[in-house]
Engineer: 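Structure incoming, see below.
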Amino acid sequence: MDQLQLLGICGSLRRGSYNRMLLRTVIEMLPSEIAVETAEIGDIPLYNADLDTVDPPAPVRRLRAQIASADGLLIASPEYNYSVPGGLKNAIDWASRPANNSVLNRKPIAIMGTAGGRFGSVRAQLTWRQVFLFTESYVMLKPELIVPNAAQVFDDNGILENKSLREFIQTYVDAVDDWMTRHKNSRTSK
């Protein structure tokens, strides 16, 4: 069987983002047989249908190619104002086009997130599930990885040392591995 290829996307553009730290933690805990590339979304222009032609802007082409070549996506999303971050939503809007043949169609996706408050990214994750319903993406529903109080979870070097949280993240990582592998196998057996 071919190696599983995942694409990690952090929804925060901030260099010291807690979601970037969470994504890095999850990637480090994945089995070594899984290859992970990360996508940067900070240079993607605001969605404009006038620019969405056969030759869209280079950052859009890059993101679409990265998603197309991945077996699944790992998305770490913060929550902004009870919803999703604009930059990540913009990137997903670009990736969702053309609507009936986008690179997100039937793509397995695992969503996670952390935030400074006590609810973590629970509302953002619910919103993402609704967005990915449109693209017919296969979003992993359980277990949910919602990490509240981010500033108290990561140390000054961005390391998550809380043993019980790391154990739960390992459960999440195992579920991601299973989810992505099952979907890859179902596509290749057809």
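Bear in mind the structure is a predicted one, so any value in this text is a computation, not a measurement. One is the number of the first residue; the rest follow in order along the sequence.
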Engineer: Supply the atom-to-atom distance Q130 CD to Q125 CD, rounded to the nearest 0.5 angstrom.
Structural biologist: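 It is 14.5 Å, given to the nearest 0.5 Å.
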Engineer: Any side-chain heavy atom of R15 sitting closer than 4.5 Å to one from R20?
Structural biologist: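 No, side chains not in contact.
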Engineer: Return the set of residues passing side-chain contact (heavy atoms from CB on, under 4.5 Å) with A91 (not counting sequence neighbours), or none when no residue passes.
Structural biologist: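 Scan of A91 (side-chain contact (heavy atoms from CB on, under 4.5 Å), adjacent residues dropped) gives I41, I44, L63.
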Engineer: Enter the distance from L160:CG to N162:CG here, rounded to the nearest 0.5 Å.
Structural biologist: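 Nearest 0.5 Å value for the CG-CG distance: 6.5 Å.
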Engineer: Looking at L6, is its backbone amide N or carbonyl O close enough to the side chain of D71 to form a donor-acceptor pair, meaning the two atoms are under 3.5 Å apart?
Structural biologist: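 Between the backbone of L6 and the side chain of D71 there is no qualifying donor-acceptor contact (under 3.5 Å).
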Engineer: Is there a side-chain contact between P78 and S17 in this structure, where contact means two heavy atoms from C-beta onward sitting under 4.5 Å apart?
Structural biologist: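 No, their side chains stay 4.5 Å or more apart.
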Engineer: Please evaluate residues V60 and D52 with respect to the criterion side-chain contact (heavy atoms from CB on, under 4.5 Å), reporting the C-alpha separation (whole Å), side-chain torsions for both, the decisive distance (0.1 Å), and the verdict.
Structural biologist: CA-CA 9 Å; V60 172; D52 194 6; 5.8 Å; no
Engineer: When you measure from the side chain of N48 to the backbone N and O of D50, does any donor-acceptor pair fall under 3.5 Å?
Structural biologist: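 Such a contact is found between N48 side chain and D50 backbone.
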Engineer: Identify whether V103 and V36 are in the same connected component of the hydrophobic contact network (ILVMFWY, side-chain heavy atoms under 4.5 Å).
Structural biologist: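 No; V36 is not reachable from V103 via cluster members.
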Engineer: Taking C-beta and beyond as the side chain, do V84 and V131 meet within less than 4.5 Å on heavy atoms?
Structural biologist: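 Counting from C-beta outward, V84 and V131 never come under 4.5 Å.
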Engineer: Hey, is the main chain of A70 close enough, under 3.5 Å, to the side chain of K107 for a donor-acceptor pair?
Structural biologist: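 Confirmed, K107 side chain pairs with A70 backbone.
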Engineer: Where does the angle between the aromatic ring planes of Y47 and W94 fall among parallel (under 30°), tilted (30 to 60°) and perpendicular (over 60°)?
Structural biologist: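 Ring orientation, 0 to 90° scale: perpendicular.
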Engineer: Could you measure the distance from the CG atom of D43 to the CZ atom of R62? Nearest 0.5 Å is fine.
Structural biologist: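 Interatomic distance, D43 CG to R62 CZ, rounded to 0.5 Å: 4.0 Å.
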Engineer: Verify the cluster assignment for V147 and V176: are they in a single hydrophobic cluster under the rule of side-chain heavy atoms below 4.5 Å apart?
Structural biologist: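 Result: yes, single cluster for both.
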Engineer: Is it possible for you to say whether L7 and V139 belong to one hydrophobic cluster, with membership spreading through side-chain heavy-atom contacts below 4.5 Å?
Structural biologist: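 L7 clusters together with V139.
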Engineer: Would you say the side-chain atoms of D174 pair up with the backbone N or O of T171, donor to acceptor, closer than 3.5 Å?
Structural biologist: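 No, the answer is negative, given that no donor and acceptor are paired below the 3.5 Å cut-off.
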Engineer: Mind checking the CZ-CD1 spacing from R118 to I146? Nearest 0.5 Å is all I need.
Structural biologist: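 Going from CZ on R118 over to CD1 on I146, the span is 14.0 Å.
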Engineer: With Y80, which residues qualify under ring-ring contact (aromatic ring centres under 6.0 Å, His included), at least two apart?
Structural biologist: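 Scan of Y80 (ring-ring contact (aromatic ring centres under 6.0 Å, His included), adjacent residues dropped) gives none.
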Engineer: Shortest non-hydrogen contact from S96 to T135?
Structural biologist: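 Minimum heavy-atom contact is CB-CG2, 3.8 Å.
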Engineer: Test side-chain contact (heavy atoms from CB on, under 4.5 Å) on E37 and Q5; report intermediate values, then the result.
Structural biologist: CA-CA 8 Å; E37 176 184 5; Q5 306 282 329; over 6 Å; no
Engineer: Report yes if the side chains of S121 and S77 come closer than 4.5 Å at any heavy-atom pair, otherwise no.
Structural biologist: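 No, side chains not in contact.
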Engineer: Please report the closest heavy-atom contact between G120 and A115, naming both atoms and the distance.
Structural biologist: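 Smallest heavy-atom distance, with atoms named: O-CB, 3.1 Å.
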Engineer: When hydrophobic residues are tied together by side-chain contacts of less than 4.5 Å, even through go-betweens, does L23 share a cluster with V153?
Structural biologist: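 Yes, it is one cluster - the side chains of L23 and V153 are joined through contacts under 4.5 Å.
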Engineer: Ignoring hydrogens, what is the shortest heavy-atom contact between N90 and P45? Give both atom names and the distance.
Structural biologist: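 Heavy atoms of N90 and P45 come nearest at ND2-O, 2.9 Å.
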Engineer: Which salt bridge (Lys or Arg N to Asp or Glu O under 4.0 Å) pairs, counting each pair once, include a residue from residues 78-92, with sequence neighbours left out?
Structural biologist: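 Only E79-R123, K89-D93 qualify under salt bridge (Lys or Arg N to Asp or Glu O under 4.0 Å).
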Engineer: Are the side chains of L74 and L30 in contact, using a 4.5 Å heavy-atom criterion?
Structural biologist: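 In short, these two side chains touch, coming nearer than 4.5 Å.
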Engineer: Please round to the nearest 0.5 Å and tell me the distance separating atom CD1 of I92 and atom CG of L73.
Structural biologist: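 So the gap between those two atoms works out to 7.0 Å.
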Engineer: What is the distance from atom OG of S32 to atom CD of Q3, rounded to the nearest 0.5 Å?
Structural biologist: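 One gets 8.5 Å once the value is rounded to the nearest 0.5 Å.
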Engineer: So, do S12 and Y18 sit near enough that their side-chain heavy atoms are less than 4.5 Å apart?
Structural biologist: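 Answer no - side chains too far apart.
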Engineer: Suppose we screen for ring-ring contact (aromatic ring centres under 6.0 Å, His included). Which residues come up paired with F132, at least two apart in sequence or across chains?
Structural biologist: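 Testing F132 for ring-ring contact (aromatic ring centres under 6.0 Å, His included), a comparison that skips the adjacent residues, returns W128.
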Engineer: Crowded around N100 CG? As in, over 12 foreign heavy atoms under 6.0 Å?
Structural biologist: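 Result for CG/N100: open.
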Engineer: Can you list everything that forms a side-chain hydrogen bond (donor to acceptor under 3.5 Å, both in side chains) with R61? Sequence neighbours excluded, please.
Structural biologist: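 Checked R61 against side-chain hydrogen bond (donor to acceptor under 3.5 Å, both in side chains); matches are D55.
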Engineer: Salt bridge (Lys or Arg N to Asp or Glu O under 4.0 Å): which pairs involve residues 156-167, sequence neighbours left out?
Structural biologist: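 Found K163-E167.
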Engineer: Given side chains that start at C-beta, do those of V26 and L145 come closer than 4.5 Å, heavy atoms only?
Structural biologist: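 V26 vs L145: side chains touch.
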Engineer: Quick check against the 3.5 Å criterion: does S137 have a side-chain atom that pairs as donor or acceptor with the backbone of L104?
Structural biologist: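 Checking the backbone N and O of L104 against the side chain of S137, a donor-acceptor pair under 3.5 Å is found.
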Engineer: Please tell me if the side chains of L22 and C10 come closer than 4.5 Å, counting only heavy atoms from C-beta onward.
Structural biologist: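 Result no, sub-4.5 Å side-chain heavy-atom pair not found.
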Engineer: Is V173 reachable from L141 through a run of I, L, V, M, F, W or Y residues, each pair having side-chain heavy atoms under 4.5 Å apart?
Structural biologist: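 In one cluster with L141: V173, no.
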Engineer: Looking at Y82, I'd like to know if its OH atom is crowded, meaning that more than 12 non-hydrogen atoms belonging to other residues, nucleotides or ligands lie closer than 6.0 Å.
Structural biologist: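 No, the 6.0 Å shell around OH holds no more than 12 heavy atoms from other groups.
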